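What you are looking at is a predicted structure, and each value in this text was computed from that prediction instead of being measured. When reading the values below, keep in mind they use all heavy atoms of this one structure, side chains included, and skip hydrogens, waters and symmetry mates. Labels below follow one simple rule: chain letters A, B, ... track the order of the sequence lines, proteins then strands, and each chain is numbered from 1.
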Number of protein chains: 2
Amino acid sequence: MDKPPRQTKHELFLNYKIWLSGLTGNGRISDTTFELLAKIKELGSIKLAAQACDISYRKAWGDIEEAEKMLEYQLIDKQRGGKDGGHSQLTPSCIKLLEAYDALHQKFDDSVEAAFEDFRKAMLQKPSSE
Amino acid sequence: MDKPPRQTKHELFLNYKIWLSGLTGNGRISDTTFELLAKIKELGSIKLAAQACDISYRKAWGDIEEAEKMLEYQLIDKQRGGKDGGHSQLTPSCIKLLEAYDALHQKFDDSVEAAFEDFRKAMLQKPSSE
DNA sequence: ATTCGATATGCATGGTTTTACACCTCGAAA
DNA sequence: TTTCGAGGTGTAAAACCATGCATATCGAAT
């Protein structure tokens with residue numbers, strides 16, 4: 001779920017995690033929730049997406065509920081019943097959010113890349129002596 | 001301990017956390033650990049630093065041990081005994097690491113600022129309609 | 001030699017997060 | 001109108017993590 005980290009001399013990596021929260025802080029949309037949303041978009045089902053993300057359906061559902069409460073708009077059109085049991089797809093707003101988040105994430109990656117490169121150089125300048 | 005988040009339209013905030021890890025991933029140096037190190041540098045004591053950081057001494061000590069194992073070099077010169085009980089100070093390597101990390105963090109903060117601004121704009125472009 | 005307080009460490013406890021499981025709801029298609 | 005499988009929900013169990021506490025170790029200063 002976390003980005004693959006980058007290496008320095010001593011097998012050191014930089015990791016990061018980002019998430020969105022509401023004003024009160026008692027709700028969050030994490031990286032994993034966005035991955036879940038992406039999978040729902042791809043697979044058309046919360047259940048399948050949860051499996052693909054290797055989390056329980058219970059957690060997936062809870063995360064979505066939490067996110068929707070926080071944003072105060074629907075992220076997913078949920079269809080229940082039918083021979084196939086039902087299916088789900090992202091709302092237009094959710095797709096927009098997802099795209100904006102992906103772009104944000106990409107910029108984060110680039111920033112980390114650049115910042116960590118400088119860090120690595122600083123660490124190599126005067127190698128540890130003890 | 002986490003950075004103060006930034007706002008969007010729907011009272012939405014961006015949060016993030018960065019940390020260093022080893023190759024195997026079973027060790028980490030978090031933001032809080034760096035804050036602890038900074039406090040140790042300032043106060044000359046793990047105990048006082050833990051108090052200042054509002055974490056238990058137990059955790060502080062565990063975090064340091066974990067970090068030193070990961071990096072495979074001493075971060076702290078620990079002095080036990082004496083009338084005062086003992087004291088601690090950062091090794092030169094640790095000070096260097098701390099400085100590099102501070103610079104890294106600063107660059108990261110700046111980048112995040114810019115990235116989130118773009119995110120906010122993207123979200124405002126076509127306001128949600130459902 | 002005694003003392004004192006910080007370093008050092010194991011383990012029980014408690015709180016939070018996630019999973020596991022049970023069970024109900026829905027509705028298009030057969 | 002019966003069926004089927006995903007959506008939806010409560011709750012107990014398990015997994016995790018940090019704290020609290022107890023207790024030992026160390027050694028300069030007295």
Send over the distance from [X] [atom1] to [N] [atom2], rounded to a whole Å.
X: A:W61; N: C:dC23; atom1: CH2; atom2: C1'; value: 15 Å
X: A:L48; N: D:dA6; atom1: CG; atom2: C1'; value: 9 Å
X: A:H87; N: C:dC26; atom1: NE2; atom2: C1'; value: 12 Å
X: A:I64; N: D:dT9; atom1: CD1; atom2: P; value: 12 Å
X: B:D84; N: D:dC26; atom1: CG; atom2: P; value: 17 Å
X: A:K47; N: C:dA20; atom1: NZ; atom2: C1'; value: 14 Å
X: A:E66; N: D:dG8; atom1: CD; atom2: P; value: 16 Å
X: A:K78; N: C:dA28; atom1: NZ; atom2: C1'; value: 20 Å

Name the nucleic acid region contacted by A:G86, choosing base, sugar-phosphate or nothing; use a 4.0 angstrom heavy-atom cut-off, strictly under.
-> sugar-phosphate
Does B:K69 pair with B:E66 as a salt bridge, N-O distance under 4.0 Å?
-> no
Relative to each other, are the rings of B:Y101 and B:F34 parallel, tilted or perpendicular (30° and 60° limits)?
-> parallel
So B:Y16 and A:F108, would you call those rings parallel, tilted or perpendicular, with 30° and 60° as cut-offs?
-> perpendicular
When rounded to the nearest 0.5 Å, the distance separating CG of B:L20 from CE of B:M70 is 6.0 Å
Would you say [N] has OP1 or OP2 under 4.0 Å from some side-chain N or O of [X]?
X: A:K83; N: C:dA29; answer: no
X: B:K59; N: D:dT19; answer: no
X: A:S88; N: D:dA6; answer: no

5'-most by nearest nucleotide on DNA chain D - B:R80 or B:R58 = B:R58
